[in-house]
Amino acid sequence: MHIKELEYHTPVSLAEACALLSSGGPGAKIFAGGTDILPDLKRNRINAGSLISLAALDGLKKIEKRGAALWIGPLVSPDTLDRSALVREIFPGLSEAAASMAANQVRGMATTGGNLCSAVPSADLPPSLLTAEAELVLTSSAGERRLALKDFFLGPRKTALRQDEILTGILIPEFPRGTGTAYDKFQARDASALAIAGAAARLTVKDNKIVKALVAIGACAPTPLLLAAAGEFLTGKEPTEQNFARAGELAAQGVKPISDIRGSEQYRRDICRVLTIRVLRRALTCSKR
Ligand SMILES: Cc1cc2nc3c(=O)[nH]c(=O)nc-3n(C[C@H](O)[C@H](O)[C@H](O)COP(=O)(O)OP(=O)(O)OC[C@H]3O[C@@H](n4cnc5c(N)ncnc54)[C@H](O)[C@@H]3O)c2cc1C
């Protein structure tokens with residue numbers, strides 16, 4: 001398993017990175033943490049003529065408040081997400097997703113942007129970010145555009161990112177008061193395993209009524225899925241065990257899992273049901289803080 005010879009660029013500005021990407025054509029690939037792209041190159045899963053590292057672009061490594069929104073740079077590692085006091089306070093479900101990923105070494109090398117752009121169905125960060133109604137900033141030499149994360153994933157390893165575009169920011173709108181978030185993952189062993197299923201929930205509760213509910217599932221369809229039926233069912237209802245159980249059933253019906261070595265289709269549906277109930281309970285507890 002050798003990587004064939006290729007060019008490696010380390011641009012010092014975003015404009016330079018965009019220019020290299022567009023002049024390099026389809027063989028030019030962005031290199032962030034390398035934890036997905038290096039194994040892909042070794043296994044000949046992708047063809048690359050050049051790698052464009054983002055490592056020198058410090059502006060893409062920040063987590064900060066921008067107005068009322070939370071801004072996450074694409075080079076923020078899962079380890080940094082997990083340790084960030086700001087993320088833990090505003091969006092604990094995302095910290096939980098980041099903490100659930102891989103082992104220490106990979107959590108420190110990998111990036112949030114890479115986790116989204118790889119578009120692997122079992123990735124841990126997309127479900128939480130979907131429940132946050134996150135927006136992506138995509139930049140090329142031609143300018144910048146914004147895209148809702150729900151429109152970004154097109155299929156396994158396929159996204160709406162154009163060849164000449166770089167993901168340069170993830171914007172999370174402010175959550176209303178009384179909002180709680182949570183993520184849970186079922187995996188075959190305790191560490192460094194991909195999700196058999198992952199579930200994220202976001203609940204906003206006021207006067208014991210659910211004002212807004214979003215549930216998203218990973219690893220149980222060709223893309224991470226926002227499950228509208230479960231969210232719509234909960235909206236306007238009381239946050240009771242009975243209603244959470246029904247939302248769990250709707251989540252299990254809404255996914256499209258495959259059967260593989262890690263679990264059958266029915267097994268994955270059962271796991272989705274259980275995980276959905278668990279994350280709803282935890283999001284409810286979190287909403288009362
Ligand atoms: C041992 C191991 C365990 C793992 N465990 C987990 C796990 O538990 N959960 C999980 O979700 N993942 C896991 N992964 C997968 C991987 O670590 C993550 O998907 C990681 O977040 C990818 O980020 P990266 O920066 O390394 O991406 P890279 O490998 O650098 O890039 C991945 C892809 O995204 C593109 N890309 C990256 N950044 C950008 C950008 N800003 N703009 C445009 N394109 C971009 C690259 O061109 C490439 O196609 C694991 C990987 C390994 C090796």
Side-chain angles (χ1 to χ4, degrees), residues 3 6 8-11 14 17-18 20-22 24 26-43 45-57 59-62 72-82 94 96-129 136-140 144-145 147 152-153 156-170 183-198 200 218-219 224 262:
I3 297 178
L6 37 71
Y8 186 82
H9 300 279
T10 49
L14 186 55
C18 289
L20 283 163
L21 191 57
S22 89
K29 307 281 180 211
I30 293 296
F31 184 94
T35 62
D36 274 331
I37 201 167
L38 286 177
D40 283 348
L41 284 167
K42 283 190 174 170
R43 291 182 193 130
R45 226 190 224 156
I46 58 164
N47 233 328
S50 62
L51 295 181
I52 300 160
S53 167
L54 301 180
L57 306 185
L60 304 184
K61 296 175 184 168
K62 291 181 185 155
I72 298 174
L75 294 189
V76 169
S77 70
D79 189 53
T80 304
L81 272 185
D82 174 32
L94 185 60
E96 290 165 5
S100 80
M101 280 176 67
N104 288 352
Q105 295 92 330
V106 171
R107 265 203 308 277
M109 288 295 293
T111 67
T112 306
N115 200 248
L116 299 180
C117 293
S118 282
V120 173
S122 61
D124 282 302
L125 303 182
S128 292
L129 289 169
L136 305 182
V137 181
L138 309 176
T139 307
S140 71
E144 200 179 277
R145 68 176 172 127
L147 185 71
F152 185 67
F153 300 109
R157 297 171 180 272
K158 283 202 192 100
T159 70
L161 195 68
R162 292 199 304 254
Q163 194 281 323
D164 63 342
E165 284 180 323
I166 300 176
L167 169 61
T168 50
I170 300 148
Y183 178 77
D184 204 351
K185 163 183 183 176
F186 186 76
Q187 53 192 356
R189 52 179 192 272
D190 280 347
S192 208
L194 296 181
I196 293 172
R262 290 182 295 142

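Both ligands and their constituent atoms are indexed starting at 1 by order of listing.
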Walk me through whether Phe31 and Leu38 qualify under side chain to side chain contact (heavy atoms under 4.5 Å, CB included). CA-CA 9 Å; Phe31 184 94; Leu38 286 177; 3.8 Å; yes

- Task: Please indicate whether any nitrogen or oxygen in Ile166 is less than 3.5 Å from any nitrogen or oxygen in ligand 1.
- Result: no

Side chain to side chain contact (heavy atoms under 4.5 Å, CB included) filter on Asp40, not counting sequence neighbours, yields Arg45, Ile46, Arg157

Donor-acceptor check, side chain of Asp36 to backbone of Ser118, threshold 3.5 angstrom: yes or no?
no

key: Close N or O approach (Leu125, ligand 1; < 3.5 Å)   = no

Gly34 and Pro39 have their tightest heavy-atom pair at O-CD, 3.6 Å

Worksheet item: Between Met109 and ligand 1, does any nitrogen or oxygen pair lie at a separation below 3.5 Å?
Response: no

query: Looking only at distance, does Met101 have an N or O less than 3.5 Å from an N or O of ligand 1?
result: no

Leu51 side chain near Leu41 side chain, heavy-atom distance below 4.5 Å: yes

| said: Taking a cutoff of less than 4.0 Å between a non-hydrogen atom of the residue and any ligand atom, is Lys185 in contact with ligand 1? | reply: yes

Taking every heavy atom of Pro11 against every heavy atom of Ile52, the minimum-distance pair comes out as CG-CG2, 3.7 Å

| query | Do any nitrogen or oxygen atoms of Ser122 come within less than 3.5 Å of a nitrogen or oxygen of ligand 1? | reply | no

Counting from 1 in the order shown, the ligand 1 atoms closer than 4.0 Å to a non-hydrogen atom of Ser118 are 32 (C), 33 (C), 34 (O)

* Evaluate the side-chain proximity of Asn115 to Pro126: yes if any heavy-atom separation is below 4.5 Å, no if none is. => yes

Kindly confirm or rule out an N or O of Ile37 lying under 3.5 angstrom from an N or O of ligand 1. yes

**Prompt:** What do you reckon, does Leu54 have a nitrogen or oxygen under 3.5 Å from a nitrogen or oxygen of ligand 1?
**Reply:** no

Note: heavy atom closest to atom 45 (C) of ligand 1, options Pro126, Gly113, Cys117, belongs to Cys117

In terms of heavy-atom contacts, Lys158 and Ala119 come closest through N-CB, 3.8 Å

So the atoms of ligand 1 within less than 4.0 Å of a heavy atom of Ala32 turn out to be 25 (O), 30 (O), 37 (C), 38 (N)

- Query: Any N/O of Lys29 closer than 3.5 Å to an N/O of ligand 1?
  - Reply: no

For Ala123, the atoms of ligand 1 under 4.0 Å from one of its heavy atoms are 11 (O)

Within 4.0 Å of some non-hydrogen atom of Gly33, the atoms of ligand 1 are 24 (P), 25 (O), 26 (O), 30 (O)

**Request:** Report yes if Pro74 has an N/O atom closer than 3.5 Å to an N/O atom of ligand 1; otherwise report no.
**Result:** no

pair Glu144-Val137: side-chain heavy atoms closer than 4.5 Å: yes

query = Is there at least one pair of N or O atoms, one from Asp36 and one from ligand 1, spaced under 3.5 Å apart?
reply = yes

Task: Heavy-atom check, side chain of Cys117 versus side chain of Ile30, under 4.5 Å - done: no

Closest to atom 21 (O) of ligand 1 by heavy-atom distance, out of Val76, Thr111, Leu38, is Thr111

Quick note, salt bridge (Lys or Arg N to Asp or Glu O under 4.0 Å) partners involving residues 96-112, not counting sequence neighbours, are Glu96-Arg282

Atom 43 (C) of ligand 1: of Leu161, Ile52, Leu116, Asn115, the nearest heavy atom sits on Leu161

